[in-house]
Structure formats: structure tokens, C-alpha cells
Amino acid sequence: MAEWQRTHTCGELRESHVGQTVTLNGWVLISRKFGNQVFVDLRDRYGLTQVVFEADAEELFKTADRMGREWVLSVTGVVRPRVEGKERADIATGKVEVEAKALTVLNHCPPLPFSVTEFPDEEPANEDLRLQYRYLDLRRRSLQQVLTLRHRMNKVIRDHLDAKGFLELETPLLGKSTPEGARDYLVPSRVFNGEFFALPQSPQLYKQLLMISGYDRYFQIARCLRDEDLRADRQPEFTQLDVEMSFVERDDVLGLMESLSADILQKCLGLTIPTPFPRLKYADAVLRYGSDKPDLRFGLEIVDVSDIAGESDFTVFKSVLAAGGVVRGINAKGAADKFSNSQLKPGGDLPKVVEVYKAKGLAWMKAEGDKLTGSIEKFFPDAVKAKLKERLGVQPGDLLLFVADKEAVAADALGALRTHLGSALKLYTNWWDEKAAWDATEAAAAKKEKRPARPFTLRPEHFNFLWVTDFPMFGWDEEENRWAAMHHPFTGPMDEDVPHLETNPGKVRAKAYDLVLNGYEVGGGSIRIHRQDVQNTVFKLLGMELDEAKKRFGFLLDALQSGAPPHGGIALGLDRWCMILAGTTNIRDVIAFPKNQKARDLMTGAPALVDARQLRDLGIKFS
RNA sequence: GGGGACGUAGCUCAAUUGGUUAGAGUACCGGACUGUCGAUCCGGUGGUUGCGGGUUCGAGUCCCGUCGUCCUCGCCA
């Protein structure tokens, strides 16, 4: 062992180590000169230890006085208790310090573009700067904690599935482009000029083939790649827990995921969450919450009032209904005085929320005493008002909001409005907001009372799981003027809907399910088609003639008639899981080296131009 | 492809209605200091206001263009 190598980590020393000579390796978080001592906080990912350089050790003292932040040190010294009354309750090593006897400066460090040290009241540097110097950003305590959490989550998953007999199997990255779904990232072949591999959007086809091969319980923590526009919760490459099982029905998959989810929350966060999770059919989710991934931490349900609106004299409502649209509303209980007229009128906060989804406007009424008021009230006869009040459960002080539009527009708009209202009216809070408030007050109190700060306690209700089931099998693609698979073309139809496949595809429901956590889609899967004839019918419906399907998926069609067992599975979006468990709303915060919003890596600069020679080898020319 | 927000010192931000030499905190450099711990105190360095053009006696501020970042609709089976 080299003489500078550590004997302990920076988070390890306690009173029991007093008197021992130890060697620590780490980074200088900060150093403070005060009279005859230089105090250096030495940091590694395990913690923080105070190292003291005394003035009588002249050479050491002089070097220590010159040291800057982020120098890399090896310090050998003696563990001693801190001076009485100077112990720190808020850090694990706070009862002791190390008196330096020898120092090796392993590396210097110039002042960095931004601070690695984090303070509660300090904004972190701009994200693009942090992404450019991601290796420095990753030194920050909060990111180290997130990546540690992510490791723990992966470990729980592997242990859990291994214990249940699942095999972790790998599938290729270089595959074949498939026509359905997202845009592929393509990889040109040097050997076959003009031909391309596609990076996988998911291991979907391979895992089905593994089932046919008899590996009846498979999983993989797999990277997936999709060349589509990004969002706060989307990256071009992301990680899925991919799972597939044979000889199972839907409830087997859901049950497995419930026990896995409970295990993750137990072992990562110490939380016991109730199982089984509630289930909601897709049609109900869209009708009552305006979303296929509703956040059920709060109520505020959407109510259809089309029939009642038809009895009013309000031409806006009546013309929408005549055109086949719907009128739906939300009763924001007790919110009549929470929004000003300027927030409600066209161009105001609330109408803006629905306009994003192409809704033509937002109508409203307020319940003042027994009366309904507002500009559209006059179009509603008393008898119709009474029906409206009953349908929406109106009480004095309520605010009623209505959208009249095509069904899909009304659902989307009211779904977004519901989320907006839930947040604005504080019907729910994200746990990290509660934690931030707790930490601020608790830290102050703890300092005053000279005691350790009590950590924020998570509660099971901070994590609201939900299954959404019974998705439609197909959706009509307006652009391409054809049916498109809602989930993917291998999703099995519900048995009782099979007869409608060719007569009424829009009515066919799929054996598909999504897992929703706090309004985020964190998983999705289905029971697959395991019969070639059904698969052929589906391809035909999707506008793929048999020989075309054979060209694209021939291997799968052959496999399906080579003894395919009934099978199904699911994929969990682990980045989103980690994001919610870590308490952030930005997926980049839980990925070590993420891409930016335009899918560029700001640190390496990728994607980038390549040498002309590389292009020539690949047979690629740009016009 | 559309909509929105933002871009000022290394970093985080301020700068009144278009008006003096663009400020503060922090970082950095120098000094003081016998138990500091986000030390404190004193002093100092640091600016192409993203870039280009325009309006004006005068532009960080207004206009046009452009680049970049984030959020979002479309898109993402």
C-alpha cells in the first residue's frame, strides 16, 4: 500500500477512533485559517472530516494556509476529540477531528467555474454550465446522494427479481429499424454500405423471442433510445426495467410489480406502502380526470354535464353539442373567492391553461349563497341551474369551470386545468416542498437548541400509485389516415373484443396497462399476442399487408408459430422512478451524464461532425 | 414545426420612465486574527451587458435579426 493511501473514509471516524493514527484521502471542501490553526474540511462521498493544522508544525501549516478548494489531499494524523463545546451535532464525524502530522498534496486545483459546495439558500449555477462541467457537478453532495439512491434502486430490483427466479439477460443494441413508434437512432454499417442498424427503442421484440425460447422469467435493466423531442421527464436515451413472463395473465404481472414497487419503497425510502394498487379503466381515467395518467393525490373530478347544458339557452354550449362535442366541468370546492375576474376572463390565468390544448374557452359560474352568478348564468333557467347544482354537488362558495369542445379536447383541457387547480389551491403538495419547509425551520431550531436536526419523515401518502387498464387497442391517426397501435402492435386484444377486430377496431380494448405514480407514467406493459393469426390480423389493420409484415417482422411471425407460449410483461421507466424517489422534477438530475433539451451532450459536444474518411468508409455523402 | 421565459463580473443576482463612471453578495488575491466550521474584520483585482444591426443627443433597458439555455404544445407505439 502506498503511504498516502487511506485507512479510513472521510465519513468514518468516531469517538472510538480517538488516539489512532489514520490516513484520509479527499477533496478540500473549504479551509479556514484562524490564528494558530488552519481548519480544513476534507470531503469524499462518504462524508466530511475536519482536519486541523497547528501552527507549531510550521511546514504543514504554511502549506495548509495556501490550500484552495478542491485540492486533493492525503492527510495522516491523529484522531482527537474536539475541544469541549465545539462538537458538531449535524455531521456524523462531528465529535472528533484529525490533527495533521503529514500531508501529501495529491493534486492542485485552480478556482472552478462554479461552486461544488452547496448551501440551502444558494442557487446552484445555471444548468448548462453544470452540464458542461458535469464531472464537477457530480461532486455535489445532492447529486452523489441521488446516484447512490439510483444504485440502491437497481440493487433492490435485481435482488427481488433474482429471488423470484428471473434471469437477467442481455439483448442487442444493434438491431433492425421498425416502422411503428418513435424515430430510431440509426447506425450505418461499414460492411454493408447503405444499410443501417437501429438502436433499440426498447428490447420489445427480443424479450418476446426469449419467451418463445423458454426463458419464462426474464428481466433486464436496459437502455432505450428514441430520437424524439425532449421534455423535463424525457431523455433521448433512458433506462427501463424490462420484464417479461410466460404462462401468465395480466394480474400476475401487476401483482409482481406491486410487490417489487413496495420492496423498492421499503428498502430505498423505508416506507411501507399499501398494496394492491387501485385500478382505473382508461375510459374512466380520461372521463373523470382528463388524463391517462391522473394524479390521484387529490380529487377535483371532471363531470360531464352535456345533457344539462343542452337544456340551457347558451348558444356556445348548444352549438358544440350539436357538432357532437361535450360540455364538462369541474367544481373547485370553495374556490369562488380564490380567483379574480381577471384570472377567469379570456386571456387570464385559467383560460390560458385550457387554450394550450386548443380549447376555445373557459366558462365559469360562482355559487354565491344559493345563487349561481357569472356572465353565463343568465342562459340557464332555474330548473336547469338546479340540475347543474345537483350534478356538481354545488355548495355556497364553489367555483364551477366548464369547457365545451370536442371530447378529446375537453378531456385534455380539463385534465390540465384540474392539475393546475390542484396545485394552485394546494390540494396536494410534493413531498420535497414539504421537506424544504421542514428542513428550513428544523435547521434553525436545531442550531438554536444545539441538537441534531431531525430528518423529514416521508409518509406513504406522498407516493400515490395507480394502475390504468383497458386501454383502447387502436387510435385513429389523423395525419396518416389509418389506425395506429396505442401501445405497440404486439399487444393482445381483450378476448371478448377479438370478434370486433375487423368490424370495429376503435371499440377493441387491449390487454395493456400503465403504472402511474403521482401523475407520472412510470411503467407500461401488456399481455402479448401469442397466436400468429391474430398477429396477422392486427398487422393488416395497421395497414401492413402480409408480405410487408413478413419482410419487417417475419422472424417474429415464424417464431409465433413455433410454439409460442402465452406471455406478457411490463417496462418501468427507472429514470422517472428515481426522479420521484429523489424528489426532483427534472430527469437530468438523476442521470450521471445527461443530454440537454436539444439532445446534445454539452460536456463532450456530441453529436459532432466526423472525419471525411469515416464517411467514405460508410459510403455516406451529404448533398 | 408552434408558443412562452431567460441571457449583465468566474458564480448567483440588481440596475427607477431610455440618462452620471453598470452595482451587491460570493469566489479569487493581499492583510489582521490563539478553536474555526457557510468564520469574522480591513483592503484589492475582476465587465465586448450572448452576438450582429437599427432607432436616439444618449441603449443593459426600445426595435429587427441571430445564437444559446429552460419550460411547453405537437411528437414520444
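First the proteins, then the strands, lettered A, B, ... as listed; each starts at 1. Since the model is a prediction, treat every value here as computed from it, not as a measurement.
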A:Phe553 ring center within less than 6.0 Å of A:Phe490 ring center: yes
Would you tabulate the pairs of protein nitrogen or oxygen atoms and nucleotide nitrogen or oxygen atoms of nucleotides 71-74 of chain B closer than 3.5 angstrom?
unit_1 : atom_1 : unit_2   : atom_2 : d
B:C71  : OP1    : A:Arg588 : NH2    : 3.0
B:U72  : OP2    : A:Ala232 : N      : 3.1
B:U72  : O4     : A:Gln597 : NE2    : 3.3
B:C73  : OP1    : A:Tyr357 : OH     : 3.1
B:C73  : OP2    : A:Arg231 : NE     : 2.9
B:G74  : N7     : A:Arg231 : NH2    : 2.8
B:G74  : O6     : A:Arg231 : NH1    : 3.1
B:G74  : O6     : A:Arg231 : NH2    : 3.4
B:G74  : N1     : A:Asp229 : OD2    : 2.7
B:G74  : N2     : A:Asp229 : OD2    : 3.3

Sugar-phosphate, base or nothing in reach of A:Ile91, heavy atoms under 4.0 Å: nothing
Atom P, compared across B:U72 and B:C64: separation rounded to whole Å: 27 Å
Chi angles and distances behind the ring-ring contact (aromatic ring centres under 6.0 Å, His included) call for A:Phe471, A:Tyr282: CA-CA 5 Å; A:Phe471 279 77; A:Tyr282 171 87; 5.1 Å; yes
Sugar-phosphate, base or nothing in reach of A:Pro124, heavy atoms under 4.0 Å: sugar-phosphate
Touch class at under 4.0 angstrom, heavy-atom based, for A:Ala484 against every strand present: nothing
Base B:C37 to side chain A:Arg82, donor-acceptor N/O within 3.5 Å cut-off: yes
Stretch residues 52-71 of chain A: residues that reach within less than 4.0 Å of RNA chain B through a heavy atom: A:Glu54, A:Arg69
Euclidean distance for C1', B:C63 against B:U55 (whole angstrom): 7 Å
Between A:Trp476 and A:Trp483, ring centroids under 6.0 Å: yes
Sugar-phosphate, base or nothing in reach of A:Arg80, heavy atoms under 4.0 Å: base
Listed partners of A:Trp432 passing ring-ring contact (aromatic ring centres under 6.0 Å, His included), at least two apart: none
Side chain to side chain donor-acceptor pair (under 3.5 Å) contacts touching residues 196-206 of chain A (sequence neighbours left out): A:Asp184-A:Gln201, A:Gln204-A:Gln208, A:Gln204-A:His488
Sugar-phosphate, base or nothing in reach of A:Gln235, heavy atoms under 4.0 Å: nothing
For nucleotides 6-8 of chain B, list the nitrogen or oxygen atoms of the protein found under 3.5 Å from its nitrogen or oxygen atoms, one pair per line.
none

With A:His17 via ring-ring contact (aromatic ring centres under 6.0 Å, His included) - residues at least two apart: A:His8
